Amino acid sequence: MKALFEQYGFNFMPEFSNNQADIFTIKQGVFDNAYVVAKSKNSDLSHSSIELKKLGFSVKELKPQSNDEVHKELFDGFFQSAKAKRKISSEYDSYVTKVVKSYPTNARNYNYISAPYLTNGEVNGDSPVINRITTEILGNGPKLILIEAAAGFGKTSTAFEICNKLSKDISGPIVMLAELSRDRKAKIFRHILLEEIDRSFPSLSSTLVESEITNGNIVVVLDGFDELLRGSKDESDFEKSEAMLETIAKLLRGNSKVILTTRKTAILEGEGFYNWADSHQEHFETLRLSLLEPEIRDWLQSNRITSLEEAGISLPNISNPVLLSYLSFMSDEGFNDAIKNPESIHDRYFNAMLEREQKRQNLHMTPLQQSQLLTRLAADMVARNYTKDHRAEITRYLIENELALLEETRLKYSADEKPDLEELAIKLSNHAFLDRISSDDRIGFINDFVLGSYVGKSILEYQGNEWIGEELFIEVAIEAYASKSKEVTAALWQKLKWVTGAISDQNRISFESRLLKRVDGIYKNSTINDTVFEDSELFKIGKLEDATLCNCTFRGCTIYGENIINCCFVDCHIYQCNITSPKDNLTPSTFHGCVEESGNVISTLKLHNDDDNNNDKEPQNVVWKFIFEKFWPVGKESITFAHRPLSIFYGKTDDDVTPEAVAASIVELKREGYLVNANQKSWIGINITKLGEIAKILEK
């Protein structure tokens, strides 16, 4: 008990203590405070309390039954648990208000839509994602929980929903919510974390806060972790992110829970991250929840979905929460008018918001002028690699870079209404499409969809063929522009072609499919994991050759078999796809553990399926050694990797080992208990309890 009080800054006072009570004192500002802690349930504390009050102490008596009760008393008092939960609830209400105001029509009450999701790559049951996460939070043991989704698909909404639910639990932990963003200064992550701790608990030491995080009394939610992955284009850049993760790992002890929301990024899906997680698997559990595309029926009534389908609108193209919410809030007349020209839905939303802004702020700037200004601001963000900046900096930017427009706008006001330059710049910094995050006075675009729309517009207006920007900006632009016409999306991809050559093949093929609904590029010796292709035309031109695809989903696609050569498909799902026949002289592909419904893609492309029992040529020990050496490389004294991506077993096999032999052996090794499923479906793990037997097979 003494150590617990000392942790909270108290001094044990033996000269005041007696056989009835222990006395602990602390000076806070100009006040002297004391706890009189009974040594038993029957202790008389009155004498000690009276004497301390005579000396000027503010006294609190405590008759605990256990150390846990003392701990709770101190925690609730110092961290003001009830007040902290009200604050989180207030931040949630502010967020909800912001979301509702981001629509130009009269919105219904805010309603969080629980998207379908995967847990460690596996399809979930009926448990909503918020329930699943809060169950994990209230469970025992340290956990790192990743909530990942494409840009604009509900990461921040999910983070706020978790915080709000925890704030309603009187006996549960409190939350430290940090909305991370990319600013112009590349700060050390440890310093960012300490700043957030000081902001959330200004009167308490960071050491005490970190201690209570590890005790599980404070849940850390870091929203937008991917924004700090500055300059990371593929998994080979993992080292740049490892220091941040190590800072988080130091918190993951005892009963702590840390939640990161992030876009799907190669950094956190690559081998470097999994090896890092493996190195800490004895210290904490890593749980990955992947939010999938929203179910349109959760936003729109069935009659509106039918109307969209009858109008020939591709539903996946509008499967963005912002557009779906906008369509759901529309009047019947407005909805029926919008679907006559479906490609205008995106522009209708922005024009309506900009027109409303003129009235809301008495802003004498046309929608076109507002749009142009915001496009130039987005271009500045790309050029200087930030997503939010302090209000003073945004105001300075507007005065320095938009002076002509500001002066032109001022002339439209009457003399008694005319704002000065700074007042007009501040008015613009309060634009409905710009938002001040709750943690400080930084301002950025209100959501990824709006950011992506203006980034995309700035890319299209870029004069030149070599546009350069970080992958974060590429993704938000692609997600925002997916609903545009074929001509516009093709023009955007043309502008992006130069920079996309520098990103991973996996991200490039995903971006190409999501934006264009087709894949025309050349992909050779590529590794593609966990990617969804939906309603896309694949390789009518271009080529997929010597590639390995693991845990990919093809739904409603048209596949041109003549341009798919010698590829390996592992644990892929193929639904209602059409395929053209490959040429006779092309090398067929292989399929292992794949499932197909309503189609003949596998039978058209395959050389052998894993049911063909083609393992006769390779001796078992040769294939097993090939597999085990991926975990325990030649020349190493001990196991190097606990988990490996399946693609490395199939992508480049030895001359003496075929993919068919590998597939059959992996099934057998799982059955024998040498291999186990990993925390991602496109990965496999080794059973470390069998290392002695594996060493004999490898002749170690």
Side-chain angles (χ1 to χ4, degrees), residues 95-118 123-124 126 128-130 149-158 160-161 290-353 356 432-433 446-450 452-453 476 478-486 488-489 514-515 517 532 534-536 553 555-556 575-576:
Y95 175 75
V96 167
T97 300
K98 177 186 74 175
V99 171
V100 172
K101 286 184 177 179
S102 68
Y103 297 101
T105 53
N106 293 324
R108 299 189 299 269
N109 292 332
Y110 176 79
N111 183 30
Y112 173 77
I113 305 296
S114 184
Y117 65 101
L118 305 177
V123 178
N124 283 274
D126 297 328
V129 65
I130 301 301
F153 277 71
K155 299 182 295 298
T156 296
S157 294
T158 300
F160 271 96
E161 207 68 27
S290 303
L291 304 183
L292 305 178
E293 286 191 357
E295 297 281 353
I296 294 179
R297 65 175 180 269
D298 291 331
W299 266 270
L300 300 179
Q301 297 175 344
S302 58
N303 63 321
R304 291 201 168 186
I305 295 175
T306 300
S307 296
L308 289 169
E309 292 172 335
E310 290 175 349
I313 297 175
S314 173
L315 297 184
N317 280 0
I318 61 168
S319 291
N320 181 288
V322 174
L323 289 182
L324 289 173
S325 296
Y326 175 52
L327 289 171
S328 71
F329 297 151
M330 275 185 172
S331 65
D332 289 339
E333 181 181 0
F335 179 84
N336 292 331
D337 188 46
I339 64 175
K340 291 176 183 177
N341 183 13
E343 293 173 356
S344 71
I345 294 173
H346 181 283
D347 294 334
R348 278 173 174 265
Y349 166 72
F350 281 88
N351 287 334
M353 285 292 292
R356 192 188 72 171
F433 278 147
I446 193 167
N447 55 46
D448 282 341
F449 180 74
V450 173
S453 294
V476 296
I478 284 173
E479 289 295 347
Y481 266 67
S483 62
K484 292 278 194 173
S485 68
K486 291 182 179 180
V488 173
T489 55
R514 283 149 61 186
L515 180 65
K517 291 301 174 184
V532 177
E534 189 163 9
D535 295 328
S536 296
T553 299
R555 186 178 290 111
Y575 304 102
Q576 298 177 327

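Note that this is a predicted model, so its numbers are computed, not measured.
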[X] side chain near [Y] side chain, heavy-atom distance below 4.5 Å:
X: Arg348; Y: Asp337; answer: yes
X: Leu308; Y: Ile318; answer: yes
X: Val96; Y: Tyr112; answer: no
X: Ser102; Y: Tyr349; answer: yes

NZ of Lys98: more than 12 outside heavy atoms within 6.0 angstrom?
yes
More than 12 heavy atoms of other residues, nucleotides or ligands under 6.0 Å from CD of Gln576: is that the case?
no
Work out which heavy atom in [X] is nearest to a heavy atom in [Y]; give both atom names and the distance.
X: Ala338; Y: Met330; value: CB-CE, 3.9 Å
X: Leu315; Y: Ile296; value: CB-CD1, 3.3 Å
X: Asn320; Y: Phe153; value: ND2-CE1, 4.2 Å
X: Tyr103; Y: Ser325; value: OH-CB, 3.2 Å
X: Tyr481; Y: Ser453; value: CE1-O, 3.4 Å
X: Glu534; Y: Lys517; value: O-NZ, 3.5 Å

Set of residues satisfying side-chain contact (heavy atoms from CB on, under 4.5 Å) with respect to Asn341, sequence neighbours excluded
Glu343, Ser344
Counting distance only, does the side-chain N/O of Arg304 pair as donor-acceptor with the main-chain N or O of Leu327 below 3.5 Å?
yes
Side-chain (Lys155) to main-chain (Ala150) donor-acceptor, under 3.5 angstrom:
yes
Starting at [atom1] of [X], measure out to [atom2] of [Y] and round the result to the nearest 0.5 Å.
X: Arg514; Y: Thr489; atom1: CZ; atom2: OG1; answer: 14.0 Å
X: Phe329; Y: Trp299; atom1: CZ; atom2: CH2; answer: 10.0 Å
X: Glu293; Y: Leu324; atom1: CD; atom2: CG; answer: 10.0 Å
X: Tyr110; Y: Glu161; atom1: OH; atom2: CD; answer: 5.5 Å

Take Lys484 and Asp347 through the side-chain contact (heavy atoms from CB on, under 4.5 Å) test and state the conclusion after the steps.
CA-CA 9 Å; Lys484 292 278 194 173; Asp347 294 334; 2.8 Å; yes
Go through Leu323 and Ser483 one step at a time and tell me if the side-chain contact (heavy atoms from CB on, under 4.5 Å) criterion holds.
CA-CA 9 Å; Leu323 289 182; Ser483 62; 3.6 Å; yes
Set of ring pair (Phe, Tyr, Trp, His ring centres under 6.0 Å) partners for Phe449, sequence neighbours left out:
His346, Phe350
